[in-house]
Amino acid sequence: MDRVRRLGLPQRVVLVAAIGAALLAVDAYVTNLDRFTGWTGYAPLTNGAPPVGGLHPWVQLVVRLALVLVWAALSLPLLGARRTGPATEPRPPDRPRPDAR
């Protein structure tokens, strides 16, 4: 995790986008399990009948919500504020000089 903290903000944003793309691929794979598309006999299953099988729509929704939660849980530490170092310490408020009028 120390190597990730040393990355700059643009690099961390790219890393978050890559994690999102990987989870999108996982979503496409998981939600299409047991779905049969292709040829049955001599007719292709393109126009007319919907694909046979697959997960129920509510199960697909649960899978997608879980993947979004995983993405958010992985992204928050990456894009969160750094807690160490002088650049992140709060700056004291400016005080007016006593001789300035």
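Hydrogens, waters and symmetry mates are skipped; everything else that's a heavy atom, side chains included, is used.
- Under the side chain to side chain donor-acceptor pair (under 3.5 Å) criterion, no residue pair touches residues 15-24, with sequence neighbours excluded.
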* Asked: Does the pair Leu78 and Leu7 meet the rule for a side chain to side chain contact (heavy atoms under 4.5 Å, CB included), with working shown?
  -> CA-CA 9 Å; Leu78 288 174; Leu7 295 175; over 6 Å; no
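- Judged as a salt bridge (Lys or Arg N to Asp or Glu O under 4.0 Å), not a single pair has a partner in residues 65-75 (not counting sequence neighbours).
- A salt bridge (Lys or Arg N to Asp or Glu O under 4.0 Å) check over residues 68-78, counting only residues at least two apart or in different chains, returns nothing.
- Residues passing the side chain to side chain contact (heavy atoms under 4.5 Å, CB included) test with Val13 are Leu9, Leu79, sequence neighbours excluded.
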Could you list the donor-acceptor pairs under 3.5 angstrom formed by side chains in residues 62-73, with sequence neighbours left out?
unit_1, atom_1, unit_2, atom_2, d
Arg64, NE, Asp27, OD1, 3.1
Arg64, NE, Asp27, OD2, 3.2
Trp71, NE1, Val16, O, 3.0

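- A continuous path of Ile, Leu, Val, Met, Phe, Trp and Tyr side chains, each step under 4.5 Å between heavy atoms, connects Leu15 with Val26, placing both in one hydrophobic cluster.
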